[in-house]
There are 4 protein chains.
Amino acid sequence: MSTGRLRFGILGAGRIGRVHAETLAFRLPEAEIAAITDVNLEAARTLAARCHIPRVAGSAAEIFSDDTIDAVLICTSTDTHAELIVQAAGAGKHIFCEKPISLSLAKIDSSLAAVEKAGVKLQVGFNRRFDSNFIRVREAVAAGEIGAPGLLHIISRDPAPPPYTYLRPSGGLFLDMMIHDFDMARYLLGDEVEEVYTAAAAIDPGFAKEDDFDTAVVVLRFKSGAIGTIDNSRKAVFGYDQRVEILGSKGKIATENRYPNQVVVSGEKSVYTDLPFNFFMLRYPESFALELELFTRAVIEDKPTPVTGADSRVPVVMALAARKSHDEHRPVKLSEVS
Amino acid sequence: MSTGRLRFGILGAGRIGRVHAETLAFRLPEAEIAAITDVNLEAARTLAARCHIPRVAGSAAEIFSDDTIDAVLICTSTDTHAELIVQAAGAGKHIFCEKPISLSLAKIDSSLAAVEKAGVKLQVGFNRRFDSNFIRVREAVAAGEIGAPGLLHIISRDPAPPPYTYLRPSGGLFLDMMIHDFDMARYLLGDEVEEVYTAAAAIDPGFAKEDDFDTAVVVLRFKSGAIGTIDNSRKAVFGYDQRVEILGSKGKIATENRYPNQVVVSGEKSVYTDLPFNFFMLRYPESFALELELFTRAVIEDKPTPVTGADSRVPVVMALAARKSHDEHRPVKLSEVS
Amino acid sequence: MSTGRLRFGILGAGRIGRVHAETLAFRLPEAEIAAITDVNLEAARTLAARCHIPRVAGSAAEIFSDDTIDAVLICTSTDTHAELIVQAAGAGKHIFCEKPISLSLAKIDSSLAAVEKAGVKLQVGFNRRFDSNFIRVREAVAAGEIGAPGLLHIISRDPAPPPYTYLRPSGGLFLDMMIHDFDMARYLLGDEVEEVYTAAAAIDPGFAKEDDFDTAVVVLRFKSGAIGTIDNSRKAVFGYDQRVEILGSKGKIATENRYPNQVVVSGEKSVYTDLPFNFFMLRYPESFALELELFTRAVIEDKPTPVTGADSRVPVVMALAARKSHDEHRPVKLSEVS
Amino acid sequence: MSTGRLRFGILGAGRIGRVHAETLAFRLPEAEIAAITDVNLEAARTLAARCHIPRVAGSAAEIFSDDTIDAVLICTSTDTHAELIVQAAGAGKHIFCEKPISLSLAKIDSSLAAVEKAGVKLQVGFNRRFDSNFIRVREAVAAGEIGAPGLLHIISRDPAPPPYTYLRPSGGLFLDMMIHDFDMARYLLGDEVEEVYTAAAAIDPGFAKEDDFDTAVVVLRFKSGAIGTIDNSRKAVFGYDQRVEILGSKGKIATENRYPNQVVVSGEKSVYTDLPFNFFMLRYPESFALELELFTRAVIEDKPTPVTGADSRVPVVMALAARKSHDEHRPVKLSEVS
């Protein structure tokens, strides 16, 4: 940080890489991008031009060996995350990595070991923690605004399912989609889950062919005694449907969806509004900026990152337990799979 | 019905008896009250004066033996329902009985057998089916307005817990409180539940001493493949919190609570409203009137009542299965307890 | 009140007469109905049967001369109100009269003089004051919950226009419809209007032929310096649209419409609810009951009625000033027409 | 546009200059900033560094004489706008100017004449037209979604008053604040106002000392016959309160405020949310970006700008008429002041 700014190297110029590059380039004065790389060099070049990035590197290794670079953003495909973390840590780079690190606990553990050994900082991209709604809920819980939490409900539904070919590589519903909600459950309550029970279904039989589900409810038992549910669906035709609700001893706190406008029409047959946002980048834009800002600041000020290594591991454990619960048709303790 | 009106005898002049008596006296021109009785004769007399009821009977038997009476309202304590149904059916009276008929399946079955043998009509007081919100949801589902239901959530929370001494005689959370929600689940989806899984807790340890719970989530698996949850709490400090939400293949339908007014204040620290209703008679007044109106009309027009004998039995089965699921810490099929 | 109950005679068995009769018969234990009359005796007989009224009188005079009757409800056509008030007062009866007393200030004044001379109580049927929304707003203003009021907006729109033939006899928009809002303005702010300015239009030219309007905005200047507007339309196709909003030095208070249910559907094209109520008896039922209850109690306890003689006169003055403002195309002080 | 991008010179590096510079630098790939100037050169330099602007010019004249510059953004103080427009037009630059051009109709007219003579494009910064709420309302009206508009209400309230010293130079409430609402009224209805009537007050007497108001209602009469009101207050303690509502022959359309989150807390005393945004840059961020994008595109594609010269003049006429209406205590036609 000789320049007083944190110098980033970016690995991956796809959709999420572009979002992060724009944040660093246009919104974070305390950050600068030194280089970018991608297996598709043309994509890297286009994004470099867009974001005033001075250098397109030919490989991740080039970036790791650049001593002027302080930190890396890992925005590549999930199966590469663990190995890139090990390499980046070995090169002494601080690491921001998209979620999840891996679908394998063993790989996560070796990544985290490398990070710990190198003494670098790691943050995983659970961006929803940085959405103003969920921040507000977390703050309320932490401040006791609703007393002791007793019941939690997380609704998390996508507007439309991905192609079937996406399902197996992604790890399936629990590891690909509900993992955000497992993280959210821990974050909102500041509590750990001990046991899960899963009821899942493939309403669209195409999901069953891929050994996956498009609909699931998972019941969570927390250490504190609180009970939670997560509701996932791959298909909410009206748009992103992502809400949480907590009942506490002194009240209830709940979030609503976000809408492109605040317009209400009273017509001859109904009173109506437009649909809520139906794309995650419209629903969660601020959270992508804030997670990078807090990572940058954590590195500069040498403080813990707001999403730690443990935070990246536990949701994978929860996903594995949720799947096991379905397969064995019984409640499963997290300790059985961790 | 020589007078062209349905003549009722009322058994029980307590809180719910009074509600029903006022409905019959003041709101249903096609009904009249011939007589009322109560173990507390003074209460019966007071209500008779209030509602222009010409006769206070000394016992239920007097009412059953009055040939001018067409139908009876059973508003006595739960432990008397089954036997009174048998007697009323034996006397050829049509029967409106408060829920539940009994906490024992055996007693329910003998009651229903008596009703069937006598050929009289029976309706059980699941009044929430007649709330305009839940009617609207049921109609939407039946009409396909949201497509095929995939996920159902029922939130059902009381403002404040009853005294501990109330708990054991009532049958506990599942038989006393969640029974309304078991009925609601079947009603809203027009579908049957095959299996339940229960996560329950006594946040207030006083409930544990009575072998009961103040907080519970039950997961429902429907025949159609739909998945549901019921969330019960004995203590929602802000008031009655009774909402439902269904996600279907073509949309979502959800209800909000009811409030004493539609006023919003934007103050210096927050934007706020008054609390929702916190008493079931303020929350559900119309439903009590409508259930009696539909019962009366069903008898007069010789049509099926909107809540049948089977409707009165299944929720008890569900409650027993939900309790068994908690006790055995596993999902339980309804067929195991029925 | 030898019976301890207030004995009423009802003049008029039309729509509003029926509403009031049912309230007295079924909801107010401290009231009883001694007799009813109507120019249409058949209507009086039907209502008497419905409400257990022991006597159908052949004329208003019969009722006035019945010494057992304490109070009268005047629910006849507007042009008869003033004369009936004079007669009722002369007979020493307390009076509840539908609004307005008369379209003529002279007749109002002679009525009020008769009431004052007789020392009887008078209440005029501005029922909206007794709606839970507007009560809540009034209480907030009176308690200083929003500080000193600076701006008031009253929206008051009917679902559909009356027949053209109704317009002239009714006195037109200001005397027939906006009169409720003139009363509301005074009630909510606890303040008097000094000047009005009117912008009115006949969007449907049929109204212009009757020298009337279907659309109007009236600006109010209050003694306190506060500024208000009233917005009237004869045609809000989505239902009753009756809301108020006040901006004060410490906040804002606003009411929303009432809806038959609290259901929200998220469909494929919009998020929608059913329409608000579109009939005043569905929108304001509780207010009709409460105004009679408070009148009854005011008589029994010998306290002032909540809507006084002055309250019945000022809105007529405001309506006359509003019309004059339109005709002369300038702001008009109330002192010019009073 | 030799580079294929529109090259901008920016005059003024204050608050709004910074907003526009960031939009051009970070969000509009089809734009680039060639130079910036400000009477405070340090401010210009800071903003240049932040936004990668290659040149800080010593004066506006330097920018006008730079042949590589296609367009200028005038973000200086209001009293300089008219003269800078004349100079920019003389230099053949397209012009985006903050509102208003001038408080003097004569100066506006000479500016517009210079623009017309030069054949350059002009857009004035009525940013609220580009807010997603008001766009949605305009589209609904234009598409006939609510039928023919009959009544319009614009609520436009600031969270807190400016210092008294700000008032006289700004031109006062009508020219400084309500001018946005005059523009909004024309935009939303696509109609012209013919007459206004003003009721204004200085609730805080400090405003009266400056010959100004903190509270005003203006009634608008449109050519179509529609009636509107604008409500302005300098002090809405709960935050920005900027809403519109239109009643049409087929329905109503209304906007709500924007909030920092969509969280609702049900507590022991009330159900509440946080306050709406209380800073215009939080309330209207997207509109600032969109107005520049549409200006840039209009120039590049040689199409009319979305806010024309006439659009910049009429609201000033309306403001002058509104003030005259107050001073003369009568309705005033726009033709009297234009």
Side-chain angles (χ1 to χ4, degrees), chain A residues 146-153 155 157 195-205 208 213-222 224-239 241 243 245 247-254 256-257 275-276 325-326 328-331 333, chain B residues 146-153 155 157 195-205 208 213-222 224-239 241 243 245 247-254 256-257 275-276 325-326 328-331 333:
Chain A
I146 57 161
L151 286 162
L152 162 74
H153 297 297
I155 299 278
R157 300 161 179 169
E195 185 184 274
V196 297
Y197 173 76
T198 300
I203 292 179
D204 171 354
F213 316 96
D214 53 12
T215 303
V217 168
V218 171
V219 178
L220 314 171
R221 302 292 309 239
F222 288 87
S224 65
I227 301 170
T229 67
I230 296 172
D231 159 324
N232 267 194
S233 167
R234 288 286 194 182
K235 190 177 170 196
V237 295
F238 48 90
D241 193 15
R243 295 167 287 137
E245 173 179 329
L247 176 70
S249 56
K250 292 185 181 169
K252 173 177 75 167
I253 188 163
E256 245 306 324
N257 286 317
L275 296 179
S325 171
H326 171 269
E328 303 184 3
H329 196 224
R330 64 174 180 89
K333 290 200 185 305
Chain B
I146 57 162
L151 285 163
L152 162 73
H153 297 297
I155 299 278
R157 299 161 179 168
E195 185 183 274
V196 298
Y197 173 76
T198 300
I203 292 178
D204 170 354
F213 316 96
D214 53 12
T215 304
V217 168
V218 171
V219 179
L220 313 172
R221 302 293 309 238
F222 288 86
S224 66
I227 301 170
T229 68
I230 295 172
D231 159 324
N232 266 194
S233 168
R234 288 286 193 183
K235 189 178 169 195
V237 294
F238 48 90
D241 192 14
R243 294 168 288 138
E245 173 178 328
L247 176 70
S249 56
K250 293 185 180 170
K252 172 176 73 168
I253 188 162
E256 245 307 322
N257 286 317
L275 296 179
S325 171
H326 171 269
E328 303 183 3
H329 196 223
R330 64 172 180 90
K333 291 199 185 308

(message) Using side-chain contact (heavy atoms from CB on, under 4.5 Å), reason through B:His153 and A:Glu245 one step at a time and then give a plain yes or no.
(response) CA-CA 12 Å; B:His153 297 297; A:Glu245 173 179 329; over 6 Å; no
Please classify the contact between [X] and chain A as side chain, backbone, both or neither, with a heavy-atom cut-off of under 4.5 Å.
X        : value
B:Ala148 : neither
B:Ile146 : neither
B:Asp204 : neither

(request) Give a yes or no on whether a salt bridge exists between A:Arg234 and A:Asp214, defined as a side-chain N under 4.0 angstrom from a carboxylate O. (result)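 Between A:Asp214 and A:Arg234 there is no salt bridge, as every charged N stays at least 4.0 Å from the carboxylate O atoms.
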Looking at chain A, which one of [options] has the largest number of heavy-atom pairs inside 4.5 Å, strictly under?
options                                : result
B:Thr215, B:Leu220, B:Val219           : B:Thr215
B:Ile155, B:Asp241, B:Thr229           : B:Asp241
B:Ala202, B:Ser249, B:Gly147           : B:Ser249
B:Val217, B:Leu247, B:Val237, B:Ile203 : B:Leu247
B:His329, B:Lys235, B:Glu195           : B:His329

(message) Closer than 3.5 angstrom, by distance alone: can the side chain of B:Ser325 be matched with the main-chain N or O of B:Arg330 as a donor-acceptor pair?
(response)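 Answer holds: yes.
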(request) Look at the side chain of A:Ser233 and the backbone N and O of A:Arg157, then say whether any donor-acceptor pair between them is shorter than 3.5 Å. (result)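 Checking the backbone N and O of A:Arg157 against the side chain of A:Ser233, no donor-acceptor pair under 3.5 Å is found.
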(message) For the CZ atom of B:Phe238 and the CG atom of B:Asn257, what is their distance to the nearest 0.5 Å?
(response)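 Output value for this atom pair is 7.0 Å.
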(request) Quick one: pull up CG in B:Asp231 and CG in A:Leu152 and give me the separation to the nearest 0.5 Å. (result)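 Going from CG on B:Asp231 over to CG on A:Leu152, the span is 10.5 Å.
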(message) For a quick test of reading the model, state the closest non-hydrogen atom pair linking B:Arg221 to A:Ala201 and the distance between them.
(response)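 Heavy-atom minimum between the residues: NH2-CB, 4.4 Å.
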(request) Go through A:Ala236, A:Gly251, A:Gly225 and name the one with the most non-hydrogen pairs under 4.5 angstrom from chain B. (result)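 Greatest number of close heavy-atom pairs with chain B: A:Gly251.
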